[in-house]
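Each remark here refers to the structure printed beneath this line.
Note that ligands are numbered from 1 as they come in the structure, with each ligand's atoms numbered from 1 the same way. Quick caveat, the model's predicted, so the values are computed rather than measured.
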Amino acid sequence: MTDRWTKLKREMIQAAPSLGIDQIGIASADPFTSLKQVLIRHRELGRESGFEEPDLEKRTNPALLFDNPQSIIAIAVAYPSKLANPPKSEPGARRGIMSRSAWGDDYHRVLRDRLAKLEAWLRERVPELRAESMVDTGALSDRAVAERAGIGWSAKNCSILSPKLGSWIYLGEMITNLPLEPDEPITEGCGSCTKCIDACPTDALVGPGQLNASRCVSFLTQTKGMLTDEFMRKIGNRLYGCDTCQIVCPVNRGRNWTHQPELQPEPELVKPLLIPLLTIGNKEFKARYGHTSSAWRGKKPIQRNAVIALGNFKEESAVPDLIKVLEQDTRAVLRGTAAWSLSRIGGEQAEAALRRAAGTETDAEALAAIEEALERIGGEGEKSERTESGPMDV
Ligand code: B12
Ligand code: SF4
Ligand code: SF4
């Protein structure tokens with residue numbers, strides 16, 4: 001009997017590439033007891049993003065999600081990290097950047113497809129298979145499962161870092177009733193390196209493998225409200241997500257995975273011109289971005305981030321368009337953010353528009369932003385913040 005499961009596991013690993021899967025490992029389905037303590041503490045310290053499954057019992061006990069689980073099959077699918085022909089972001093034609101996790105088709109769809117293929121492959125061989133698959137939105141911690149299954153180590157930037165693939169991998173898992181032999185977690189680690197912690201723009205990495213999600217730029221780009229001056233400066237030209245702590249990682253050097261057809265980027269979509277984004281309609285947004293993972297919060301956060309990016313570029317040619325947002329956009333957050341951006345760029349036209357808006361704005365938060373912008377506009381003389389340069393280049 002043991003031989004049956006050993007053989008099945010070996011054949012499954014051999015079949016992985018033909019199923020579009022780049023790495024497979026097996027984790028036991030035992031409760032994640034130490035993770036539970038970490039998650040409790042994480043919550044107590046107020047470091048959650050709010051996007052996690054709130055029920056910590058479910059997060060850490062596979063038996064609450066599946067009747068009599070015997071193993072968890074962890075999968076990793078690798079994605080690209082480089083644009084072959086990146087369009088240039090130039091004065092007069094500034095561009096924003098989507099994180100690599102939003103390049104190509106939505107990874108939830110791609111990994112669900114891979115897990116469905118794996119399930120069909122298993123069912124052919126084991127008709128009594130029971131299985132429950134999840135990617136990102138399931139209750140389990142995908143990283144904790146992958147770590148236990150030996151896919152990679154839990155790195156100081158919080159990512160699962162595979163010695164074979166680096167951290168440019170999406171994770172998913174399938175809880176099963178198959179008694180497959182668990183793999184060992186790998187023993188490699190980050191050593192004395194701290195490049196990711198040093199490079200994090202907002203000091204969100206508060207310790208090795210410890211993230212204060214409420215400061216993480218990836219989280220901030222996905223929020224819908226007004227951001228603070230500090231965070232808006234640090235977002236740079238990121239429109240969705242943040243890759244900095246992975247770009248600087250030496251283990252990722254030279255790693256760029258181009259073999260998964262659905263995950264390859266369209267340069268004009270992932271490094272888009274900023275000004276057209278300010279007025280993009282719902283239909284057009286859906287047509288351009290609906291198939292990507294950046295669309296789940298709608299177009300508003302991306303448009304707000306485009307406004308911020310233009311301010312961070314100090315892009316004078318964008319002043320008329322930003323004034324239109326300030327005067328005509330129906331969303332107060334966009335008007336308030338445009339005020340901030342105009343004050344970053346400065347100039348008489350921007351200042352006059354802010355004065356006019358101060359007399360007409362009716363939303364309290366937007367009005368406060370306009371008043372702060374008017375105070376700031378005289379005193380802007382500092383250099384631009386880091387935007388799409390250095391480690392952010394694609
Ligand atoms: C909420 C969430 C976010 C939040 C919070 C992220 C975070 N680090 O907590 C925000 C919005 C900020 C975010 C950002 C990103 N995310 Co996200 N996110 C999630 C989600 C839904 C839950 C993560 C979670 O529960 N975090 C809470 C922490 C405490 O637990 P954990 O990371 O799951 O588990 C680890 C820790 O507990 C740690 N740990 C355990 N014991 C101990 C003990 C000690 C002492 C220490 C220090 C640590 C430690 O080890 C565990 C395993 O690594 C998962 C999907 C899922 N269902 O799991 C995706 C997921 C983690 N995200 C993913 C990705 C790709 C990203 C981004 C790279 C996207 C981007 N480019 O912008 C960034 C990376 C930011 C970062 N540095 O982590 C991938 C990660 C793939 C990988 N290779 O690791 C996941 C797994 C989605 C997927 N299925 O592929 N994300
Ligand atoms: S994703 Fe960006 S902000 Fe978040 S921890 Fe990494 S470098 Fe810091
Ligand atoms: S940058 Fe260094 S410390 Fe950070 S994840 Fe990579 S190897 Fe680990």
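Counting heavy atoms only, Asp136 comes closest to atom 60 (C) of ligand 1 of the residues Asp136, Leu111, Leu171, Val77. Heavy-atom proximity to atom 52 (C) of ligand 1, evaluated over Ser101, Ala213, Ala144, Ser294, is greatest for Ala144. Among Leu39, Val145, Asp142, the residue whose heavy atom sits closest to atom 29 (C) of ligand 1 is Leu39. For atom 81 (C) of ligand 1, the nearest non-hydrogen atom from the set Ile160, Val217, Ile169 belongs to Ile169. The option with the heavy atom closest to atom 13 (C) of ligand 1, from among Ser218, Gly152, Ser34, Ala78, is Ser218. Counting heavy atoms only, Tyr79 comes closest to atom 65 (C) of ligand 1 of the residues Tyr107, Trp168, Tyr79, Trp153. Nearest-residue assignment for atom 6 (Fe) of ligand 3 (options Pro250, Cys249, Gly191; heavy-atom criterion): Cys249. Relative to atom 24 (C) of ligand 1, the option among Lys36, Arg59, Arg41, Arg143 with the closest non-hydrogen atom is Arg59.
Of the N and O atoms on the side chains of Arg112 and Ser133, not one donor lies less than 3.5 Å from an acceptor on the other residue. A donor atom on one side chain and an acceptor atom on the other are not found under 3.5 Å apart for Ser317 and Arg94. No hydrogens or angles considered: a donor-acceptor pair under 3.5 Å links the side chains of Arg331 and Gln303.
Numbered from 1 in the order shown, with element, the atoms of ligand 2 that lie under 4.0 Å from a heavy atom of Cys216 read 1 (S), 3 (S), 4 (Fe). Of all atoms in ligand 3, listed by their number and element, those nearer than 4.0 Å to a heavy atom of Cys196 are 1 (S), 3 (S), 4 (Fe), 5 (S). Applying the 4.0 Å criterion to heavy atoms of Cys245 picks out, from ligand 1, the atoms 77 (N). With ligand atoms numbered from 1 in the order given, ligand 2 contributes 7 (S) to contacts under 4.0 Å with heavy atoms of Thr244.
Taking a distance limit of 4.0 Å, we find that atom 21 (C) of ligand 1 is approached by some protein heavy atom. There is a protein heavy atom less than 4.0 angstrom from atom 8 (N) of ligand 1. Atom 67 (C) of ligand 1 lies below 4.0 Å from none of the non-hydrogen atoms of the protein. Inside a 4.0 Å radius of atom 4 (C) of ligand 1 there is at least one protein heavy atom. Taking a distance limit of 4.0 Å, we find that atom 86 (C) of ligand 1 is approached by some protein heavy atom. Within a 4.0 Å radius of atom 91 (N) of ligand 1, the protein contributes no heavy atom. Distances from atom 17 (Co) of ligand 1 to the protein include no heavy-atom value under 4.0 Å. Contact annotation for atom 47 (C) of ligand 1: protein present (non-hydrogen atoms, distance under 4.0 Å).
For Arg95 and Glu90, the salt-bridge test fails: no basic side-chain N is under 4.0 Å from an acidic carboxylate O. Between Glu230 and Arg215, at least one side-chain N (NZ, or NE/NH1/NH2) sits under 4.0 Å from a carboxylate O, which counts as a salt bridge. With respect to Arg355 and Glu351, a salt bridge is recorded, a charged nitrogen being found less than 4.0 Å from a carboxylate O. Salt-bridge check for Arg59 with Glu52: failed, with every basic side-chain N at 4.0 Å or more from each acidic carboxylate O. Under a 4.0 Å N-O distance rule, the pair Glu262/Arg109 does not qualify as a salt bridge.
Within the 4.0 Å heavy-atom shell around ligand 2 one does not find Asn157.
Contacts of Leu211 with ligand 2, taken as heavy-atom pairs under 4.0 Å, involve the side chain alone. With a heavy-atom cut-off of 4.0 Å, Val217 touches ligand 2 through backbone and side chain alike.
With respect to atom 8 (Fe) of ligand 3, the closest heavy atom belonging to the protein is Cys190 SG, 2.3 Å. Of the protein's non-hydrogen atoms, Cys193 SG, 2.2 Å is the one closest to atom 2 (Fe) of ligand 3.
Residues Leu165 and Ile151 are not in side-chain contact: their nearest non-hydrogen atoms beyond the backbone lie 4.5 Å or more apart. Between Asp106 and Thr292, the closest side-chain pair of non-hydrogen atoms is not below 4.5 Å. Side-chain atoms of Lys9 and Leu178, non-hydrogen and from C-beta on, never get closer than 4.5 Å to each other.
In Arg41, the CZ atom is not crowded: 12 or fewer heavy atoms of neighbouring residues, nucleotides or ligands sit closer than 6.0 Å.
Judged purely by atom type and a 3.5 angstrom limit, Lys299 uses its side chain to pair as donor or acceptor with the backbone of Ile280.
Shown are Thr137, Asp136, Asp113; of these, the side-chain hydrogen bond (donor to acceptor under 3.5 Å, both in side chains) with His108 is made only by Asp136.
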